[in-house]
Chemist: 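Starting off with a structure, shown below.
The sequence lines fix the lettering, A, B, ..., with proteins before strands; numbering per chain opens at 1.
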Number of protein chains: 2
Amino acid sequence: MDYSASPMLHICNEGDPALFRSILDRVGSKWTVIVIGLLEQRPHRFTELLNAIPGISRRMLTISLRTLERDGLIEREVFAEVPPRVEYRATALGISLSEPVIALATWVADHKAEIAATRATVDAAADSE
Amino acid sequence: MDYSASPMLHICNEGDPALFRSILDRVGSKWTVIVIGLLEQRPHRFTELLNAIPGISRRMLTISLRTLERDGLIEREVFAEVPPRVEYRATALGISLSEPVIALATWVADHKAEIAATRATVDAAADSE
DNA sequence: CTGAATCCTTCGGGATACTG
DNA sequence: CAGTATCCCGAAGGATTCAG
């Protein structure tokens with residue numbers, strides 16, 4: 001099919017749609033945005049992140065960090081110490097991602113009243129059926 | 001916790017974090033972006049969308065449309081005809097969402113080479129273990 | 001301390017069949 | 001035509017345990 005008529009579909013599908021989707025999945029994922037947000041402030045250790053992110057499990061933190069590292073959005077540094085110490089930091093690429101994410105967040109902030117109102121209307125109509 | 005030190009976390013968590021997440025879920029969802037993209041071109045009927053979106057099931061199309069309608073991103077119009085006809089169109093709100101989504105897509109397009117290269121490096125390192 | 005491995009539950013989402 | 005209802009599977013993700 002031809003997406004050129006829609007700028008949004010065009011840019012989403014030009015080149016590698018799978019790559020685009022994989023990044024959307026990161027952004028849409030529950031933890032990655034907050035991990036990058038924390039790491040762009042300053043480097044964090046594993047346990048530090050674990051404590052800073054309410055509700056995340058060790059497993060999910062590990063997976064999130066590996067995925068973000070694989071995409072080059074964060075970096076991992078291991079210190080040869082006892083006890084072991086590992087620091088994670090955001091890369092320039094990871095920090096640059098915050099710009100479009102902030103744009104999206106800003107859109108939500110700007111329209112949240114509108115969205116909430118529509119939901120209330122739709123839900124009310126559904127209830128009265 | 002205090003997110004004010006990170007602009008990204010701050011704006012993602014000010015107001016209603018759940019609302020923000022729900023919108024991220026839409027954007028991160030497999031079908032919603034393409035549905036909005038098609039509807040911002042022109043109104044489509046249900047079956048038209050079904051045929052225009054390869055791989056989507058009736059069930060998922062229905063769910064996607066309901067969700068988008070609930071958020072006020074698209075509109076549904078039922079024509080009292082035989083056979084039944086239903087048209088979906090993007091609302092102004094839905095069309096406005098394409099702007100930050102395009103910003104995100106543009107970021108991916110701008111950095112996809114970098115991401116792919118990092119992945120290749122990381123994967124190669126993992127293989128040689 | 002920083003994970004990896006395992007188990008187990010939940011849930012998104014596909015296939016299919018039925019309805020107004 | 002435009003859905004709804006049901007079944008079912010695979011993947012996501014939490015809890016727990018083991019290891020370097």
Side-chain angles (χ1 to χ4, degrees), chain A residues 18 21-35 38-39 42-71 74-89 122 125-127 129, chain B residues 18 21-35 38-39 42-71 74-89 122-123 125-129:
Chain A
R21 275 246 50 88
S22 70
I23 297 299
L24 271 200
D25 289 343
R26 302 294 169 281
V27 175
S29 170
K30 195 174 180 181
W31 306 113
T32 53
V33 167
I34 188 174
V35 168
L38 288 170
L39 294 185
R42 60 175 177 79
H44 284 68
R45 304 180 55 172
F46 186 87
T47 305
E48 220 174 350
L49 289 170
L50 205 57
N51 296 327
I53 307 175
I56 197 171
S57 61
R58 269 201 299 275
R59 174 187 149 84
M60 284 318 296
L61 180 56
T62 300
I63 293 177
S64 300
L65 291 171
R66 291 289 170 277
T67 307
L68 291 172
E69 187 189 4
R70 179 170 183 270
D71 287 344
I74 66 172
E75 276 172 348
R76 195 175 103 104
E77 184 176 6
V78 182
F79 295 88
E81 300 175 1
V82 178
R85 182 162 64 100
V86 178
E87 271 191 9
Y88 294 91
R89 71 193 71 237
V122 172
D127 286 344
E129 274 176 8
Chain B
R21 274 246 52 86
S22 70
I23 297 300
L24 271 199
D25 288 343
R26 302 294 170 281
V27 174
S29 170
K30 195 172 178 181
W31 307 113
T32 52
V33 167
I34 189 173
V35 168
L38 287 170
L39 294 184
R42 61 174 176 79
H44 283 69
R45 303 179 57 172
F46 186 88
T47 304
E48 219 174 350
L49 289 170
L50 206 55
N51 295 328
I53 307 175
I56 197 171
S57 62
R58 268 199 295 276
R59 173 187 148 84
M60 284 317 296
L61 179 56
T62 300
I63 293 176
S64 300
L65 291 171
R66 292 287 173 276
T67 306
L68 291 172
E69 187 190 4
R70 181 172 181 290
D71 288 344
I74 66 170
E75 276 173 348
R76 194 175 104 106
E77 185 176 5
V78 182
F79 296 87
E81 300 176 2
V82 177
R85 183 162 64 100
V86 178
E87 271 191 8
Y88 295 91
R89 72 193 70 241
V122 173
D123 291 350
D127 285 345
S128 66
E129 274 175 8

Chemist: Restricting to side-chain contact (heavy atoms from CB on, under 4.5 Å), what partner residues turn up for B:Pro84, sequence neighbours left out?
Modeler: none
Chemist: Please name the pair of heavy atoms, one in A:Ile74 and one in A:Tyr88, separated by the smallest distance, quoted to 0.1 Å.
Modeler: CD1-CD2, 4.0 Å
Chemist: With salt bridge (charged side-chain N to carboxylate O under 4.0 Å, His left out) as the rule and sequence neighbours excluded, what pairs involving residues 42-52 of chain B come up?
Modeler: B:Arg42-B:Glu48
Chemist: Run the side-chain hydrogen bond (donor to acceptor under 3.5 Å, both in side chains) test against A:Arg85 and tell me which residues pass, sequence neighbours left out.
Modeler: A:Glu81, A:Glu87
Chemist: Go through DNA chain D in 5' to 3' direction and return only the first and the last nucleotide with some atom under 4.0 Å of chain B's heavy atoms.
Modeler: D:dC1 to D:dT6
Chemist: Could you tell me the boundaries of the chain B footprint on DNA chain C, defined by atoms under 4.0 Å from its heavy atoms?
Modeler: C:dG13 to C:dG20
Chemist: Taking any heavy-atom pair under 4.0 Å as a contact, classify B:Thr62: base, sugar-phosphate, or nothing.
Modeler: base
Chemist: The criterion is side-chain hydrogen bond (donor to acceptor under 3.5 Å, both in side chains); which residues satisfy it with A:Asp25, sequence neighbours excluded?
Modeler: A:Arg21
Chemist: Where along residues 77-87 of chain A does a heavy atom come under 4.0 Å from DNA chain C, residue by residue in number order?
Modeler: A:Pro83, A:Pro84, A:Val86
Chemist: Specify the closest pair of heavy atoms between B:Val122 and A:Arg70, including all atoms of both residues, with the distance to one decimal.
Modeler: CG2-CA, 4.0 Å
Chemist: Check side-chain hydrogen bond (donor to acceptor under 3.5 Å, both in side chains) between A:Arg59 and all other residues, then give those that pass, not counting sequence neighbours.
Modeler: none
Chemist: Please identify each residue that fulfils salt bridge (charged side-chain N to carboxylate O under 4.0 Å, His left out) with B:Arg76, with sequence neighbours left out.
Modeler: none
Chemist: Could you report the tightest heavy-atom contact between A:Thr67 and A:Arg26, atom names first, then the distance?
Modeler: CG2-NE, 3.0 Å
Chemist: Sequence neighbours excluded, which residues qualify as side-chain hydrogen bond (donor to acceptor under 3.5 Å, both in side chains) partners of A:Ser22?
Modeler: B:Arg119
Chemist: Across the strands shown, which category fits A:Arg58 at heavy-atom distances under 4.0 angstrom: base, sugar-phosphate, nothing?
Modeler: base
Chemist: Using side-chain contact (heavy atoms from CB on, under 4.5 Å) as the criterion, list what pairs up with B:Thr62, not counting sequence neighbours.
Modeler: B:Phe46, B:Arg66
Chemist: Assign B:Arg45 to base, sugar-phosphate, or nothing according to its heavy-atom contacts below 4.0 angstrom with the strands shown.
Modeler: sugar-phosphate
Chemist: Return the minimal non-hydrogen interatomic distance between A:Thr32 and A:Val27, and the atom names on each side.
Modeler: OG1-N, 4.2 Å
Chemist: Determine the minimum heavy-atom distance between A:Ser64 and A:Trp31, stating which atoms define it.
Modeler: OG-CB, 3.9 Å
Chemist: Angle between the end axes of the helix from C:dC1-D:dG20 to C:dG20-D:dC1, five pairs per end, to the nearest 10 degrees?
Modeler: 40°
